[in-house]
Every structure is written in structure tokens, then in C-alpha cells.
Amino acid sequence: MTSSPHSSSESSDGSGSSDGSHLTRIAAPEGVSPGTGYSHVVWGTGRFVAVSGQCALDEKGEVVGEGDPAAQARRVFENLRRCLAAAGAGFEDVVKLTYFVTDVGHLPAVRAARDEVIAPHLLPASSAVQVAALFRPELLVEVEAFAVVPAAG
């Protein structure tokens, strides 16, 4: 299977497919249990974009949603949106998200915020890691993103 030029979804057998996207997503490669809420494999062609881990900080560096993982997760995805846009990318171009949470109990709130901005058929590869702390004690969630933007042409 080959990738083609903009967003994709997997086939029902998990083998992956391309729906005219520059990205191909495979939810369940042969012999691998399907992931819940992510793709095991995403590949594509184009310009690579790396977005540093984003936390729930506003434009002034103030924490948004102290003590509220849902509010923090929404702000994190807004910051990711802004960073991706600065590189000419959008959530449809994201191939990998890495979640850092101070408590895995925050993951449902993070997934809910993610699902507000990423369609189910466009889910990127993902990893989630519980950490002892982030760089400020009020922060509960950090997310970094890798994206591939279609080559100009």
C-alpha cells in the first residue's frame, strides 16, 4: 500500500488505507492488538514538523485551569493548534502525540480534549507516560506533537 496526497483512515481489517492523504494510518498491523484511541503506525511524505511539549499556559505564561485536568488539556490542544498553524500544519497532519501526565487518571480528560480537535479516523500514533512532575507544580498535562505537512507542489 502506498500513501497518497491528504488525510487517511484505516480499513476495517486494520491494514491501513489512504483516502487521498499524504498520510497512511494503520490501527492494527498484522499480529498486533488494535489500539484504543490511536494508530499503531502512521507514515507519509512531506515536510516534518516537531512541536515541543505544550502545557496549559496562556500567552502571558500563566497557568490555565489549575487543578482541572480537562481545562488544562483543552488549553494544551489550543496551544498545539497555534504551534502547528505557525508551521503551516493542522491536526490532520499530526503523525505522533506523546502525552505526559502527572496522573494516568487524567488521560480520559486528555482524550476528550484530543477528540474535540482530531477526528476518529485521523488518530495519530501515541504514547502516554505518567511522570512525577512537570516543570511547574500546577501543571498536570504536557503534549508534544510530530506532524508531516504535504510537500508544496
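If you read the sequence from its start, that first residue is 1, and numbering goes on from there.
Applying the salt bridge (charged side-chain N to carboxylate O under 4.0 Å, His left out) criterion to R81, with sequence neighbours excluded, gives E78. Residues that satisfy the side chain to side chain donor-acceptor pair (under 3.5 Å) test with E138, not counting sequence neighbours, are R136. With sequence neighbours left out, the side-chain contact (heavy atoms from CB on, under 4.5 Å) criterion links V117 to F77, F91. Annotation: side-chain contact (heavy atoms from CB on, under 4.5 Å) contacts of A85 (sequence neighbours excluded): none. Remark: A50 pairs with F48, F146 by the side-chain contact (heavy atoms from CB on, under 4.5 Å) rule, at least two apart or across chains. With sequence neighbours left out, the side chain to side chain donor-acceptor pair (under 3.5 Å) criterion links R111 to no other residue.
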Could you go through the side chain to side chain contact (heavy atoms under 4.5 Å, CB included) check for V148 and W43 one step at a time? CA-CA 9 Å; V148 176; W43 79 85; over 6 Å; no
Before you tell me yes or no, could you show the steps for S126 and Y99 under side chain to side chain contact (heavy atoms under 4.5 Å, CB included), namely the whole-Å CA-CA distance, both residues' side-chain angles and the distance that decides it to 0.1 Å? CA-CA 8 Å; S126 299; Y99 307 99; 3.8 Å; yes
Does V101 form a side chain to side chain contact (heavy atoms under 4.5 Å, CB included) with L140? I'd like the steps, not just the answer. CA-CA 6 Å; V101 294; L140 307 173; over 6 Å; no
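The shortest side-chain heavy-atom distance between L97 and I118 falls under the 4.5 Å cut-off. Considering only heavy atoms from C-beta on, K96 comes within 4.5 Å of S127 through its side chain. V94 places a side-chain heavy atom less than 4.5 Å from the side chain of P124.
Through direct or indirect side-chain contacts shorter than 4.5 Å among Ile, Leu, Val, Met, Phe, Trp and Tyr, Y38 is connected to no other residue. Under a 4.5 Å side-chain heavy-atom cut-off, the cluster of Ile, Leu, Val, Met, Phe, Trp and Tyr residues that includes L139 is completed by L57, V63, F100, V129, V131, L134, F135.
Side chain of N79 to main chain of C55: a donor-acceptor pair is present (N/O by atom type, distance under 3.5 Å, no hydrogens or angles). Without hydrogens or angle criteria, H22 side chain to D93 main chain gives no donor-acceptor distance under 3.5 Å. In this structure a side-chain-to-backbone donor-acceptor pair under 3.5 Å is present from S39 to L123.
Nearest heavy atoms, V42 versus R25: CG2-CG, 3.8 Å. In plain terms, the two heavy atoms of A71 and G65 that are nearest each other are CB-CA, 3.9 Å. Closest non-hydrogen pair, A28 versus H40, comes out as CA-CD2, 4.1 Å. Taking every heavy atom of both residues into account, A73 and V110 meet most closely at CB-CA, 3.8 Å.
Applying the side-chain hydrogen bond (donor to acceptor under 3.5 Å, both in side chains) test to residues at least two apart or on different chains, the pairs with a partner in residues 47-72 are E59-R82.
Remark: Q130 CD to L107 CG distance equals 8.5 Å, nearest 0.5 Å.
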